[in-house]
A.B. asks: 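Questions regarding the structure given below will be posed in turn.
So that the names make sense, note that chain A is the first sequence line, chain B the second, and so on, each numbered from 1. Hydrogens, waters and symmetry mates play no part in the numbers below; they use all other heavy atoms, side chains included.
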Amino acid sequence: MVYKIFFNCNAMLAEGRLRQCNYVFLSLIYNMLRFLGSIGHQCFQMLCYVVDLTCFLMQVLAVWKPQRNIVNRAVYAIFLDQLILTGINAMAIISFLAMFIGVVIASQLVFIMSSITTANDLVEMLARLILSEMGPLITGFVMIGRSCSAIVVDLGNTKVRGEIEPLAYLGISIDDYFIVPRIFAVLISQLVLALCFSAVMLFFGMLFSSFIYDLSAKIAMTELLKLINITSLVSFILKNFLFGISIGTIACFHGLSVGNSPTQVSEQMQKAIVRSIVFLLLIDSYFIVFTL
Amino acid sequence: MNKQVNQVSIKADKAIPEVIEQQLTMLPLSCQIEPASLTCLVGPHRAQLRAYLQMLAGITKLTEGELSLFGRKVSVIEPFDPIDGQKNRCQVGYLSGAAPLLSVQHGLMNVMLPVLYHENSSFREASDKARNLLAELNCDFEPTTYPALLNNFQRLQLSLARALILDPLALFLDVPFNDLGMKDRKNMGVLLAKYINNHTSCMIGGLQYPRFLEQHAKQIIFISEHNILKFDGWTSFKQSNDSEIHDLLSIL
């Protein structure tokens with residue numbers, strides 16, 4: 001409709017029935033409407049994407065019906081493969097990152113804050129920062145860079161080469177064999193790696209700080225253990241659960257969205273990475289708003 | 001009822017498959033495929049033939065008509081229902097010559113996969129079953145080799161083993177001589193001949209190796225956009241006066 005009005009205006013201007021200043025005013029309104037329209041369009045597309053993703057996850061999880069064996073050996077083998085690739089192989093890099101970031105962040109924090117606050121407050125700040133923010137987030141980013149991209153490329157290439165369809169012809173469910181083990185492997189890896197990251201980061205952060213500054217590592221650790229309660233534990237698990245399930249689902253969704261062309265693999269991989277980061281930050285914002 | 005099932009394994013009555021390519025016109029197909037016999041679908045359009053083959057295998061849905069697979073109407077079977085659909089799929093072995101095996105799994109695992117998935121056998125049992133079948137199929141290579149390291153004939157041997165591992169009642173062959181040299185086509189023909197005598201078989205891409213059709217095809221169905229013609233063997237197909245068949249045979 002906006003286009004129609006604008007083209008009518010163009011015609012009127014050409015015929016001399018519309019003055020130049022009115023034309024400029026109308027084209028301003030037209031461009032504003034177009035801008036608002038494009039924002040609306042983007043929002044609508046984002047909403048459709050969330051709905052698509054949710055439906056995809058529901059459909060995938062629906063393979064578990066009462067008749068199905070819980071431990072299907074073919075699916076179990078893929079699950080173990082994925083767990084090794086996504087979780088165990090990432091342990092070294094996660095530990096190294098945790099150690100490095102722990103030393104940097106904790107030492108800086110202790111250095112800045114030790115003069116204005118007590119050791120107990122310092123430990124609480126450190127615990128909150130690491131356990132509820134940095135641990136899950138940095139692990140999530142590592143998972144996105146390492147595993148989300150790998151899953152999209154793996155599934156995308158498998159689809160491009162036409163290796164998926166013959167399995168479906170043999171009665172093997174694509175969701176059951178390709179998707180469920182990947183999502184669960186990412187979910188478990190995120191939980192375990194985030195826990196490992198937080199523990200290593202806290203440990204090295206405290207240790208380093210105790211060497212350099214006047215902070216007792218023993219007291220700090222005791223204070224830290226006091227801070228860990230059921231609520232913080234549940235919040236930590238829930239957050240990582242949501243991170244893991246969203247990274248796994250987005251990766252598989254975009255992996256299967258690849259058509260017949262190899263160029264779509266990199267395209268879908270980019271989309272998966274960007275959208276996973278956006279989802280991660282949105283979920284994190286939700287937790288910040290509701291747990292502070 | 002059982003006698004009927006034994007006499008006719010697959011029966012299509014004015015069945016029209018889902019259109020894969022919009023430009024192609026699909027005509028209603030009525031045919032019967034008897035047990036332990038080979039039926040070959042031939043015609044000028046590979047996509048059209050594949051649509052009919054997948055319809056007869058119960059993979060794609062029918063838009064019109066009826067199809068019964070071993071006495072059961074396909075329209076009432078949900079393709080990926082955990083019990084009904086998958087049981088149905090286990091009865092049908094589908095060899096896809098053009099589509100590759102899973103490249104991330106080695107050859108033996110590719111063959112074992114349907115057994116592990118459907119029968120939930122132990123890895124040892126599945127491996128033994130797969131190795132026995134590979135030996136039957138004269139596979140002289142190490143089965144744990146990845147498909148990318150094998151030649152076309154060896155990959156087709158693995159595909160055939162994967163299609164046969166669940167002991168299906170029917171075997172559907174989608175271009176089984178795809179990308180094979182003359183000698184390998186002959187070897188593949190010998191391998192397939194072992195199984196088509198015990199299975200209800202239907203294939204496309206048979207014209208890549210006419211000698212095989214001449215020896216084994218009990219029924220040849222010519223499918224084009226204008227015609228569906230049935231012949232009871234290679235000789236009568238070759239002697240047909242239809243101009244489209246002449247055109248098709250002239251390029252061989």
A.B. asks: Restricting to pairs with a member in residues 154-172 of chain A, which pass salt bridge (Lys or Arg N to Asp or Glu O under 4.0 Å), not counting sequence neighbours?
C.D. replies: A:Asp154-A:Arg182, A:Arg161-A:Glu163
A.B. asks: Quick one: do A:Tyr177 and B:Leu113 satisfy side chain to side chain contact (heavy atoms under 4.5 Å, CB included)? Show the steps, please.
C.D. replies: CA-CA 10 Å; A:Tyr177 184 71; B:Leu113 192 58; 3.3 Å; yes
A.B. asks: Which bit of B:Leu101 comes within less than 4.5 Å of chain A, counting heavy atoms only: side chain, backbone, both or neither?
C.D. replies: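 Only the backbone of B:Leu101 comes within 4.5 Å of chain A.
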A.B. asks: Select, from B:Ser96, B:Gly93, B:Ser103, B:Ala163, the one with the greatest count of heavy-atom pairs under 4.5 Å involving chain A.
C.D. replies: B:Ser103
A.B. asks: Is any NZ, NE, NH1 or NH2 atom of the basic residue among A:Arg73 and B:Glu119 found under 4.0 Å from an Asp or Glu carboxylate oxygen of the other?
C.D. replies: no
A.B. asks: Which residue pairs pass the ring pair (Phe, Tyr, Trp, His ring centres under 6.0 Å) test with at least one member in residues 245-278 of chain A, sequence neighbours excluded?
C.D. replies: A:Tyr49-A:Phe253, A:Tyr49-A:His254, A:Phe56-A:Phe253
A.B. asks: Checking B:Ser121 against chain A: side chain, backbone, both or neither under 4.5 Å from a heavy atom?
C.D. replies: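 Backbone of B:Ser121 only, per the 4.5 Å heavy-atom cut-off to chain A.
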